[in-house]
Each structure stands twice: as structure tokens, then as C-alpha cells.
Amino acid sequence: MPPVVYIEDIARHDGEEVTLRGWLHNRRSSGKIHFLTVRDGTGFIQVVMSKADLGDERFAAADHLSQETSLTVTGRVRADARAKGGFEITGTGFTVVSASHDYPITPKEHGVDYLMDRRHLWIRSQRQQAVLRVRHTVIDAVREFFNSRGFTLADTPIFTPSACEGTSTLFPVQYFDDTTAYLTQSGQLYNEANAMALGKVYCFGPTFRAEKSKTRRHLTEFWMVEPEVAYADLDDTMDLAEQLVESVVARVLETRGAELTHLERKTDGLEAVRTPFPRISYDEAIGRLKGAGLPVEWGGDFGGTDETVLSSQFDRPVLVHRYPAAVKAFYMKPDPARPDLALCVDMLAPEGYGEIIGGGQRLDDYDLLLQRITDHDLPQEAFEWYLDLRRYGSVPHAGFGMGIERVVAWICGLEHVRETIPYPRLLHRLYP
RNA sequence: UCCUCAGUAGCUCAAUGGCAGAGCAUCCGGCUGUUAACCGGAGGGUUGUAGGUUCGAAUCCUACCUGAGGAGCCA
């Protein structure tokens with residue numbers, strides 16, 4: 001048997017006899033010639049099998065190969081201007097590993113619900129593979145960004161004893177006999193403790209929100225990366241956030257051009273994602289929205305339409321800082337210059353993809369934090385450990401969280417975040 | 001939770017009160033350069049469920065089920 005090669009390496013084997021191990025993606029046929037599109041997880045390539053090369057018996061057998069049959073194929077690699085990847089293979093033989101009958105995802109169109117019910121098969125498609133490879137690169141770039149800047153990965157728990165922020169709806173789970181635990185909605189509070197120990201930290205893991213949101217921007221289970229830095233202020237965290245996003249986008253452009261092309265993603269907008277990003281205050285944002293004729297009032301949070309209108313005024317992500325403290329979480333530090341504002345920041349992605357980052361400077365004063373916990377009717381005993389961080393050497397600190405799926409959806413130019421994760425969890429979707 | 005829309009062949013859809021159809025998929029036949037290949041033929045239906053109006057309902061009405069988009073909330 002000729003040496004086994006991967007399709008992604010095929011250019012290095014021009015003119016050689018090789019073996020591919022993969023699956024039949026699609027087949028077209030003429031009377032005396034078959035065109036098999038074979039995929040092996042690293043790429044797709046066309047294998048041409050003619051009656052003259054294979055002989056009548058083998059050729060007839062190839063006529064009945066069906067979609068997604070696993071097989072090994074031998075043949076000679078040949079550069080061909082007609083081929084999509086520049087190369088194709090003149091087939092000399094094949095062996096079926098395991099047949100596939102009535103594969104449900106045909107080359108024609110299907111509805112979202114149908115495809116989502118078969119998500120475990122849908123991910124075999126070229127488009128879904130492209131999205132998942134971009135996701136991989138985004139995550140890889142995020143880790144590389146923090147690791148190369150002296151951050152320590154310190155993961156935070158997924159089971160938590162109570163509502164961290166007191167705002168979002170949490171998923172309760174029974175924790176042994178008579179205790180209720182909740183799936184984390186953010187690692188942030190633990191991250192603050194980790195930053196007091198390790199200086200610059202990040203956590204990266206799944207996050208859960210039980211809100212019954214039905215929009216293209218929401219999953220009930222999503223992945224979030226959260227850095228936290230001791231001795232950092234709001235400006236430091238805005239710097240860090242824009243550098244992270246610039247770095248991630250640059251890495252995808254550099255290494256995933258083929259995937260973006262396959263997704264028909266225009267890259268002009270992504271090429272423009274260079275620091276510094278525009279920074280506007282909440283006050284200015286309100287002014288801009290009123291100027292655009294939207295019915296906004298000072299004091300409220302922004303809705304999806306507001307975010308889209310704001311972000312469309314810039315050619316790169318925009319940082320909106322200093323929201324009214326009343327609409328933000330209890331742990332946000334007030335602006336000393338205007339205590340009704342919180343030292344917080346949201347980053348809005350272009351093209352209506354919404355908020356991809358939320359963060360800010362944390363409340364580091366013991367008395368004020370205790371006051372906020374009381375004001376929000378939170379149980380003080382559950383936050384004693386968190387108050388300890390202000391009892392024993394409190395320092396200014398700041399951080400943020402970035403939602404991976406929204407970033408991937410934006411970079412890929414997708415309609416919905418549900419395609420950015422292998423098995424999305426949605427309000428009405430828990431299978432497969 | 002609320003608003004809007006949708007549910008017809010395995011899939012994607014048409015039929016707007018009067019014989020339930022097409023393309024793809026499957027099977028059979030044809031074709032040596034296809035790219036969601038193409039050409040010819042065949043099989044394939046409790047029109048989401050239950051009730052109602054009507055001579056007659058996929059079509060109109062009511063309830064329910066399932067899904068999608070949006071609102072609120074959030075990354």
C-alpha cells in the first residue's frame with residue numbers, strides 16, 4: 001500500500017502514489033468516469049476514477065459508493081488547474097472501511113432545526129469545519145496572548161454556592177442530599193482572589209445563564225475568557241481588552257484565510273481592527289443615540305438596536321465606558337469624579353454583533369462593598385471570603401470577560417452564535 | 001414571559017375554498033472533466049394534533065403541540 005498522507009499535506013506529494021483514509025463527501029459520475037470528493041478531516045480533494053484505470057469490476061463497485069462511506073483510496077497526486085485546491089488524485093483503487101446508507105444531510109438545502117437535530121453529522125460539512133477551525137484559532141490566540149504577557153491561568157469553579165452577582169438567572173443543580181449548587185455565570189469573583197495571589201490571572205471555561213433569551217446572540221452555555229489584574233485601573237483594562245481583540249483578529253487573518261474565504265467573509269472590516277479603538281463615555285453614547293433619533297433616556301442600559309446603531313458609527317470595535325452605577329453589578333467601583341457612574345466598560349463589535357466584552361475596575365473599599373452587598377439584599381455570609389480580599393491588603397484591580405462565541409460569530413460573519421460551538425445549548429435545544 | 005411568523009413526500013418548498021405537485025435524496029437506465037454535475041424513468045402523502053364552519057378545507061375559525069425571529073436580560 002502506498003504511504004498514507006493527509007490531504008492538507010498533498011502539495012508535498014505531487015506526482016507520488018499515495019493512500020488517503022477518510023470519507024466520501026460527494027460523488028458525481030459519468031458513464032466511464034467517477035469524481036469522488038473525499039475528506040479526511042484535514043481537507044477535501046477530488047479523486048478521479050476512470051473505467052480504463054480501474055477495470056470494469058472496480059469501476060462498477062465505485063458506482064455504488066454512497067455519501068459518508070468511510071474508505072481508503074490509493075492513487076497518484078497530480079497538479080491540475082481545474083481542481084479547487086490545485087491538486088487532484090487519479091484513483092487506482094479503493095477499499096470500503098464501513099458503508100453509509102441514506103445519509104440524512106444531502107448536498108441540497110436543509111432547515112436549521114433539521115440540521116441542529118443532526119448537529120453531530122452537520123459538523124462534517126465544509127462550512128461547519130471552517131467555523132470550528134476559526135474557533136480553535138481564536139481560543140489558541142487568546143491563550144497565547146495572555147501566556148506571553150505573564151498571565152497565569154487559574155480556573156474558577158463551575159459549581160458555585162450562590163448567585164455571584166444577584167442579577168442573572170442561574171441553573172440550580174442538586175449537590176448531594178440537601179444542598180443546592182448553581183452553575184457559574186462568571187468566574188470573576190474568584191478571579192479577583194486569584195489576582196491578589198498571582199498578580200495577573202485569567203480563567204477560561206464554560207459559563208451558564210438560565211435566562212430565557214431567544215436571540216441570535218445567546219446560548220445558555222457559552223465559553224468566556226476572563227482576565228483580572230492587580231494594581232490595574234479602568235484605562236489599563238481598556239488597553240488590555242483592545243490589544244487582546246486586535247491580536248486575536250490578526251491571528252485569524254494570518255492563519256485562517258482559507259476558512260474565511262470559504263465562509264465568504266469579507267475581510268476588509270477585520271483588517272481595520274487595529275488599536276487604538278474608539279472610546280466613548282456612556283454620556284456621549286446617549287447623545288449619539290438621541291442624535292440618531294432613538295428613544296433612549298439617560299440611566300438605562302442599551303438594547304440590541306442601540307448597540308447596533310452605536311457600533312455602526314465606527315469602523316472597528318468601540319469601547320463604551322462609565323455607565324450609570326445603578327444598571328451595573330454591585331462590585332463595580334464608582335467613578336471618584338462622578339459617583340453615580342461606574343468605572344466599567346463594554347466593547348461592542350462592529351456590524352451588529354453586540355457586546356463581546358464587559359468589564360471594569362472593581363470596588364476595592366471594604367465599607368462601600370459591604371454597603372453595596374446590603375443594598376442589593378445579598379447574603380453577607382456568602383460573601384465573607386470576597387470581603388476578605390478588602391480586609392487583607394486591598395489594591396485597585398480590574399478585569400473583563402470576553403464571550404468566545406460572539407467573537408467567533410463576528411469574525412466569521414455568521415447570522416447566529418449557534419454555529420460557533422460544536423454542540424450549542426439553547427432555550428429549546430439540549431440534543432444531541 | 002410577551003409579540004410576530006411558520007409546520008404539506010426522507011429533505012427544501014409550491015398549491016389561497018374545487019383532481020396534493022416540483023426539485024433534491026433513493027432505485028433503474030444514459031453520459032470520459034464533473035464541481036449542489038446533467039438527461040430519461042420509477043416508487044414515495046393520516047397536509048403538526050384535536051375540534052368546528054362549508055356541498056367541498058392543505059387553504060377559513062378555535063384550542064393545543066413543535067420550531068424560528070424579535071423584546072426583556074445578558075457575553
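To find a chain, count down the sequence lines: A is the first, B the second, and so on, and within it residues start at 1. What you see below is based on every heavy atom in this structure, not just the backbone, and it leaves out hydrogens, waters and symmetry mates.
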For B:rU66, what is the paired nucleotide under Watson-Crick or G-U wobble rules, both distances under 3.5 Å?
B:rA6

Expressed in whole Å, how much space separates the P atoms belonging to B:rU16 and B:rC61?
16 Å

Partner of B:rU54 under the Watson-Crick or G-U wobble criteria, both distances under 3.5 Å, comes out as none

Using atom CD of A:Gln46 as one end and atom C1' of B:rA36 as the other, report the distance to the nearest whole Å.
13 Å

Whole-angstrom distance between B:rG48 and B:rU59, as gauged at atom P
8 Å

Check the distance between B:rG67's C1' and A:Leu115's CG and give it to me in whole angstrom.
14 Å

Using Watson-Crick or G-U wobble geometry with both distances under 3.5 Å, which nucleotide pairs with B:rU1?
B:rA71

B:rC38 and B:rU4: how far apart are their C1' atoms, nearest whole angstrom?
42 Å

What integer number of Å spans the C1' atoms of B:rC11 and B:rG45?
15 Å

Look at all strands and tell whether A:Gln67 reaches a base, only sugar-phosphate, or nothing, counting heavy atoms closer than 4.0 Å.
nothing

Of the options B:rG69, B:rG33, B:rA71, whose atoms approach the side-chain atoms of A:Arg217 most closely?
B:rA71

Please state the P separation for the pair B:rU66 and B:rG30 - nearest whole angstrom.
50 Å

Between P of B:rC74 and CG of A:Leu170, the distance in whole Å:
13 Å

Rounded off to whole Å, could you give me the NE2-to-P distance for the A:His262 and B:rU35 pair?
17 Å

Could you tell me whether the side chain of A:His218 has a donor or acceptor atom within less than 3.5 Å of a complementary atom in the base of B:rC74?
yes

Closest-nucleotide ordering on RNA chain B, the 5'-leading residue of A:Lys84 and A:Tyr114
A:Tyr114

B:rA58 versus B:rU8 - spacing of their P atoms, nearest Å
14 Å

Just call it for A:Gly354: base, sugar-phosphate, or nothing, with non-hydrogen atoms closer than 4.0 Å on any strand.
nothing

Hey, is CZ on A:Phe44 packed in by over 12 heavy atoms from elsewhere, all under 6.0 Å?
yes

Measure from the ring center of A:Phe330 to the ring center of A:Phe383 and say whether it is less than 6.0 Å.
yes

Could you check whether A:Glu88 gets within reach of a base, just the sugar-phosphate, or nothing at all, counting any heavy atom under 4.0 Å?
base

Salt bridge check: are A:Asp117 and A:Arg429 linked by an N-O gap of less than 4.0 Å?
yes

Winner on side-chain proximity to A:Thr215, out of B:rG33, B:rC74, B:rG70, is B:rG70

Can you tell me how the ring of A:Phe146 sits relative to the ring of A:Phe400, calling it parallel under 30°, perpendicular over 60° and tilted otherwise?
tilted

Over how many whole Å does the gap from A:Asp63 atom CG to B:rU26 atom C1' extend?
14 Å

Here the distance between atom C1' of B:rU1 and atom NZ of A:Lys214, to the nearest Å, is 13 Å

Closest to the side chain of A:Arg418, out of B:rA75, B:rA68, B:rG33, is B:rA68

Counting just side-chain N and O atoms, does A:His101 come under 4.0 Å of either OP1 or OP2 of B:rU26?
no

Compare the aromatic ring of A:Phe35 with the six-membered base ring of B:rG33 and state whether they stack according to the 5.5 Å and 30° rule.
no

Would you please indicate if the ring centroids of A:Tyr114 and A:Trp122 are separated by under 6.0 Å?
no

What is the pairing partner of B:rC31, taking Watson-Crick or G-U wobble pairs with both distances under 3.5 Å in any strand?
none

Tell me yes or no: between the side chains of A:Arg28 and A:Gln46, is some donor less than 3.5 Å from an acceptor?
yes

Quick check: on RNA chain B, is the nucleotide nearest A:His110 upstream (toward 5') of the one nearest A:Ser66, or the reverse? Name the residue that is more 5'.
A:His110

For the salt bridge (charged side-chain N to carboxylate O under 4.0 Å, His left out) test, which of A:Arg406, A:Arg316, A:Lys266, A:Arg265 pairs with A:Glu351?
A:Arg265

Once you apply the 3.5 Å cut-off to both distances, tell me the Watson-Crick or G-U wobble partner of B:rC13, or none.
B:rG21

Looking at the side chain of A:Lys212, which of B:rU1, B:rG33, B:rC11 is the nearest nucleotide?
B:rU1

Counting Watson-Crick and G-U wobble pairs only, both distances under 3.5 Å, name the nucleotide matched with B:rU59, or none.
none

Run through A:Asp340, A:Asp335, A:Asp346 and flag the one making a salt bridge (charged side-chain N to carboxylate O under 4.0 Å, His left out) with A:Lys328.
A:Asp346

Pair partner, B:rA42 [Watson-Crick or wobble, under 3.5 Å]
B:rU26

Separation of the C1' atoms in B:rC39 and B:rG7, to the nearest angstrom:
34 Å

Testing B:rA75, B:rG33, B:rG72 for proximity to the side chain of A:Ser213, the answer is B:rG72

Atom-to-atom span, CZ of A:Arg39 to C1' of B:rU35 - whole angstrom
18 Å

Atom-pair distance (CD1 on A:Ile404; C1' on B:rC74), nearest Å
16 Å

Out of B:rG69, B:rA75, B:rU12, which nucleotide sits closest to the side chain of A:Arg216?
B:rG69

Taking any heavy-atom pair under 4.0 Å as a contact, classify A:Arg78: base, sugar-phosphate, or nothing.
base

Polar pairs (N or O, both sides) under 3.5 Å between protein and nucleotides 37-41 of chain B?
| from | atom 1 | to | atom 2 | distance (Å) |
| --- | --- | --- | --- | --- |
| B:rA37 | OP1 | A:Asn26 | ND2 | 3.2 |
| B:rA37 | OP2 | A:Asn26 | ND2 | 2.2 |
| B:rA37 | OP2 | A:Arg28 | NH1 | 3.0 |
| B:rA37 | N6 | A:Ser29 | O | 2.5 |

Determine, stepwise, if the pair A:Tyr323 / A:Phe302 fulfils ring pair (Phe, Tyr, Trp, His ring centres under 6.0 Å).
CA-CA 10 Å; A:Tyr323 285 66; A:Phe302 298 132; 5.6 Å; yes

Shortest side-chain distance from A:Met224, nucleotide among B:rG33, B:rC28, B:rA75:
B:rA75

With rounding to the closest Å, how many angstrom separate the C1' atoms on B:rU47 and B:rU32?
45 Å

Please determine whether side-chain contact (heavy atoms from CB on, under 4.5 Å) holds for the pair A:Leu189 and A:Thr160, giving the CA-CA distance in whole Å, both sets of side-chain angles, and the decisive distance to 0.1 Å.
CA-CA 11 Å; A:Leu189 303 192; A:Thr160 58; over 6 Å; no

Report yes or no: is there a donor-acceptor pair, N or O only, under 3.5 Å between the side chain of A:Arg118 and the base of B:rC11?
no

Do A:Gln128 and A:Arg124 have a side chain donor and acceptor closer than 3.5 Å?
no

